[in-house]
2 protein chains.
Amino acid sequence: MNTSQLCPKFEKAMSILSKRWTGLVIYQLLSGPQRFCTIESSIGISGRLLSDRLKHLEDEGIVKREVYPETPIRIEYSLTEKGLALQPLMKELEKWSQDWITSKDT
Amino acid sequence: MNTSQLCPKFEKAMSILSKRWTGLVIYQLLSGPQRFCTIESSIGISGRLLSDRLKHLEDEGIVKREVYPETPIRIEYSLTEKGLALQPLMKELEKWSQDWITSKDT
DNA sequence: ATACTTACTTACGAAAAGTAACTAAAGTAA
DNA sequence: TTACTTTAGTTACTTTTCGTAAGTAAGTAT
């Protein structure tokens, strides 16, 4: 019996953020559009999972993917308007982490 | 090779929130101290995982546990100052979910 | 003694994550 | 022509985490 008293929209939002790596991928893309391998090395996720997460974020309309047929091929991922709208939340998390996470915690 | 360029404090904060259920448990406790079974039924988590998550949140100093030896026994979970400090973040997530999650998404 | 309540814990199959090696496409170098 | 490089993934396989359901412990109440 799942007698949820929570707002379904809030629950959905939380389910996106509480999937491992998605938060960090979004945070990373807040610094600008970037390619697969850049995200991969900057947050330390494996290609297998990054591929999966980017697909999901595209499905959610948070990330968009653009192909530039250069040499070698360049594929850039960036945030949509919906994704960019998460910036205030990320700022709050930055603030909280600075205020409350001690260096021992890491 | 994990060449993290992220702030370790931010990474740690994100790792707490991106563990399934922890965000919802914290959110639920923002409405006041409550017992195990109340949290369990209001967010739809199983006892097994709630037990685990509360223990972790206690270890992180986000949640505190108090025992009232009444009949039947009452054990109340509540947010510490560190946990309460997540309220602004939760408000941002509420805002974002209202603005950007459509009813189809749920 | 038996049942009832709360707050868990245990056991176990299913799903997700982590690691590493492999593939595809397109150009470049020898 | 053949081999090599780069980017962007995918596949195969092991380990960890999750979800469900049943069981336990302490303290009444009947």
Side-chain angles (χ1 to χ4, degrees), chain A residues 1-4 6 11-12 14-29 32-60 62-79, chain B residues 1-4 6 11-12 14-29 32-60 62-79:
Chain A
M1 184 179 68
N2 185 337
T3 52
S4 180
L6 291 167
E11 254 192 288
K12 169 74 181 181
M14 188 64 92
S15 81
I16 294 170
L17 249 24
S18 65
K19 203 159 175 70
R20 192 163 186 196
W21 298 111
T22 49
L24 286 181
V25 170
I26 294 167
Y27 181 75
Q28 185 62 28
L29 287 176
Q34 47 206 288
R35 41 193 8 186
F36 193 90
C37 61
T38 308
I39 305 171
E40 193 176 3
S41 62
S42 57
I43 68 176
I45 189 179
S46 71
R48 180 194 165 307
L49 288 182
L50 180 55
S51 178
D52 178 87
R53 291 306 184 272
L54 286 170
K55 249 173 242 160
H56 278 117
L57 287 170
E58 250 193 288
D59 291 347
E60 297 291 352
I62 290 170
V63 161
K64 60 174 180 287
R65 179 181 192 270
E66 282 185 286
V67 181
Y68 300 88
E70 302 169 356
T71 287
I73 195 170
R74 181 163 58 99
I75 295 174
E76 268 196 356
Y77 292 92
S78 56
L79 294 174
Chain B
M1 184 179 69
N2 184 339
T3 52
S4 179
L6 291 167
E11 253 192 289
K12 168 74 180 181
M14 189 63 93
S15 80
I16 294 170
L17 249 24
S18 65
K19 204 160 174 71
R20 192 165 186 196
W21 298 112
T22 49
L24 285 181
V25 169
I26 294 167
Y27 182 74
Q28 185 63 27
L29 287 176
Q34 48 207 288
R35 43 191 8 187
F36 193 92
C37 62
T38 309
I39 305 171
E40 193 176 4
S41 61
S42 57
I43 67 175
I45 190 179
S46 72
R48 179 193 166 308
L49 287 183
L50 181 54
S51 179
D52 178 87
R53 292 305 185 269
L54 287 170
K55 247 172 243 160
H56 278 116
L57 287 170
E58 250 193 287
D59 292 347
E60 297 291 351
I62 290 170
V63 161
K64 62 173 178 287
R65 178 181 192 271
E66 281 185 287
V67 181
Y68 300 88
E70 301 170 357
T71 287
I73 195 169
R74 181 163 59 100
I75 295 174
E76 269 195 354
Y77 293 92
S78 57
L79 294 174

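Worth saying up front: this structure is predicted, and the values here are computed from it rather than measured. Here is how names work: the chains are called A, B, and so on, in the same order as the sequence lines, proteins then strands, and each is numbered from 1.
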* What string of B, S and - do you get for nucleotides 4-22 of chain D, 5' to 3', if B is base contact, S is sugar-phosphate-only contact and - is no contact with any protein heavy atom under 4.0 Å? -> ---SSSBBB-----BBB--
* Asked: Rounded to whole angstrom units, what separation is found between the CD1 atom of B/Ile39 and the P atom of C/dT6?
  ->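 The distance from CD1 of B/Ile39 to P of C/dT6 comes to 14 Å, rounded to the nearest Å.
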Return yes if some donor-acceptor pair links the side-chain N/O of [X] with the main-chain N/O of [Y] below 3.5 Å, else return no.
X	Y	value
A/Arg53	A/Arg20	yes
A/Glu40	A/Gly47	yes
B/Gln28	B/Gln34	no

* Asked: Does the pair A/Arg74/A/Glu76 count as a salt bridge with the N-to-O cut at 4.0 Å?
  ->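 A salt bridge links A/Arg74 with A/Glu76.
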* Structure fact -> Any strand, both distances under 3.5 Å, Watson-Crick or G-U wobble: C/dA30 pairs with D/dT1
* To do: Please name the pair of heavy atoms, one in B/Tyr77 and one in B/Leu29, separated by the smallest distance, quoted to 0.1 Å.
  =>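 Shortest heavy-atom separation between B/Tyr77 and B/Leu29 comes out as O-CD2, 3.4 Å.
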